[in-house]
Amino acid sequence: MPDTPPKATAKSWIGLAVLVLPLLLITIDGTVLVMALPAISAELSPTGTEQLWMIDMYSLVLAGLLVAMSAVGERFGRRRNLLIGAVVFSIASVAGAMATSPWVLIAARALLGVGGAIMMPSTLSLARNMFLDRQQRRYAMAVWAAMASVGGAAGPIVGGWVIETFSWHAAFLMNIPVMLLLLVLGPLLLPESRNPHLDKIDVRSVVLSFIGLIGVAYGIKALAGDKGTATGIAAIAIGVVAIVLFVRRQLGLAVPLLDVRLFRIKYFRGAVVTDVLSILAMVGALVALTQHLQLVLGLSPLEASVWLMPQAILAAVAAFVAAALVKRFLPAYVITCGLLIAAAGFGLTFFLTPASSPALIAATLALVTLGAGMGLTLSNDIIMSSVRPERAGQAAATSETAYEIGTTLGTAVLGGVLVAWYSRVVTARTDVLDLTADLTDRVSSTMAEALLVADEVGGTVGTSVVAAAKASFTEAITVAGIAGAGVMVVAAVWALVTLRGAAAHQDLAAEHEHELR
């Protein structure tokens, strides 16, 4: 009979509270500049390309370094990695707050991505090693997932409040107190852990993983934006080639940087794909609907952030609802139910009009966040429970890379659907207004630009441009919502098929360890 895993102590739970603080900030920083960009633009006067880099650089660097930084933590100490990452994150935050030019700010965002990549795998792998009892670990994973979801949902809220209360500089400086707290309490409350079987790092694998992840992420963003189809395809091709070479190299190494054989485990593979699809749809919803609050309904950043509060609250609640339900139902059924709830939330966009109450947006985001949050909580638990503690860092890196890929795809795919549909229908609606070719191009590019054109031309033509843009943008959100519902249904079916049989009380790591041999 196998030994019963030891129970976590009160110190472990207090340590978990400290552990999720950097996770909260890492996820907040991914979306906080969405609200801050207008104020930054007014002060630093960045070009359109520089604005995109301000937003994208953080997530690109974070995604590209997750696997490599996880390997560093596995070998030299996960707690040590966490604390080093906190120092890097703090330095980058000060640099961002003091930036006097667009490219200094972009460099600071890149350094923030480095700090986030150093810290993020350690937060999940340390939690896996601190909570060995399956039931306690499930609740620890629920706390972790709740903070990750809250951070993503709260980014625009925090950004809106900070910008209107202080300035955009505060969006960077707010990181400092939390990082200092982590540096003081981390050594006292968090145990050090590493994989004793690992020593050297294969530099070629690090380079290939970075090129592969950055290439694919940048290529997707390029295809969805205005960087050109050729650029996007070329970047994706380079990324895919690098990933193929990376996988082949890992299979040939005695001690791989990332053990790609983990994907032989049915439940691990099923949970990772579920994560990517769920996050794709959830992030796409957040990007589209937050714009509707400001551009169509005309709310200020602070007013819009108030209507985003319900989803932030439900992001936290969802994790604990899932942890409670899984005591009575198989995880696959709870995950499937959650994802179908999210799909139903997307269905509410069918009733959206330019005059709809913000409450409809809030209800849509609340249902999407509740359902997706339930699914992500349990899929994360399955990912981490499918491997033994010494493999926790590699599982954590895979889980968090899936999160970043899902975020990139959500912005690119559903965001691309939104932009493409808006451009098509607004052009048809404004053809009768006899605008110049230049003005027509501007109106069809983004709704924000259409509102600027309306102000410039004024009169009845300007009023007609506003009406056409709002109607077109709302219709585009409905189309993107239908696409999001479809993604959630696909994720639900996938989870039901691939995760069926995984019970909440199973020792999944012991059951499937033979699949790694």
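Fair warning: this is a prediction, and the values are worked out from it, not measured in the lab.
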Could you check whether any side-chain heavy atom of [X] comes within less than 4.5 Å of a side-chain heavy atom of [Y], counting everything from C-beta outward?
X	Y	answer
L23	M119	no
Y333	R328	no
L82	R78	no
I341	M488	no
F89	L112	yes
T377	V334	no
V87	I91	yes

Inset, instruction - Scan residues 80-90 for pairs that pass salt bridge (Lys or Arg N to Asp or Glu O under 4.0 Å), counting only residues two or more places apart or in two chains. - result: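 Every pair satisfying salt bridge (Lys or Arg N to Asp or Glu O under 4.0 Å) with a residue in residues 80-90: there are none.
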
Legend entry - By ring pair (Phe, Tyr, Trp, His ring centres under 6.0 Å) - contacts of F268 (at least two apart):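 F268 satisfies ring pair (Phe, Tyr, Trp, His ring centres under 6.0 Å) with F263 once adjacent residues are dropped.
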
Inset, instruction - To the nearest 0.5 angstrom, please state how far the CG atom of L62 sits from the CE atom of M57. - result: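 Answer for the CG-CE pair, L62 versus M57, is 13.0 Å.
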
For residues 202-209, dump all side-chain donor-acceptor pairs below 3.5 Å to protein atoms at least two apart in sequence or in another chain.
unit_1 : atom_1 : unit_2 : atom_2 : d
D202   : OD1    : R249   : NH2    : 3.0
D202   : OD2    : S205   : N      : 3.0
D202   : OD2    : S205   : OG     : 2.4
D202   : OD2    : R249   : NE     : 2.7
S205   : OG     : Q250   : NE2    : 2.8
S209   : OG     : S205   : O      : 3.3
S209   : OG     : V206   : O      : 2.9

Inset, instruction - State which residues pass side chain to side chain donor-acceptor pair (under 3.5 Å) with T336; sequence neighbours excluded, sorted by chain then number. - result: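 For T336 there are no side chain to side chain donor-acceptor pair (under 3.5 Å) partners, ignoring immediate neighbours.
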
Inset, instruction - Under the side chain to side chain donor-acceptor pair (under 3.5 Å) rule, collect the residues that match up with T123, sequence neighbours excluded. - result: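 W144.
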
Inset, instruction - Name all pairs fulfilling the side-chain hydrogen bond (donor to acceptor under 3.5 Å, both in side chains) condition that reach into residues 271-286, sequence neighbours left out, sorted by first residue then second. - result: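 Those involving residues 271-286 are D275-S379.
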
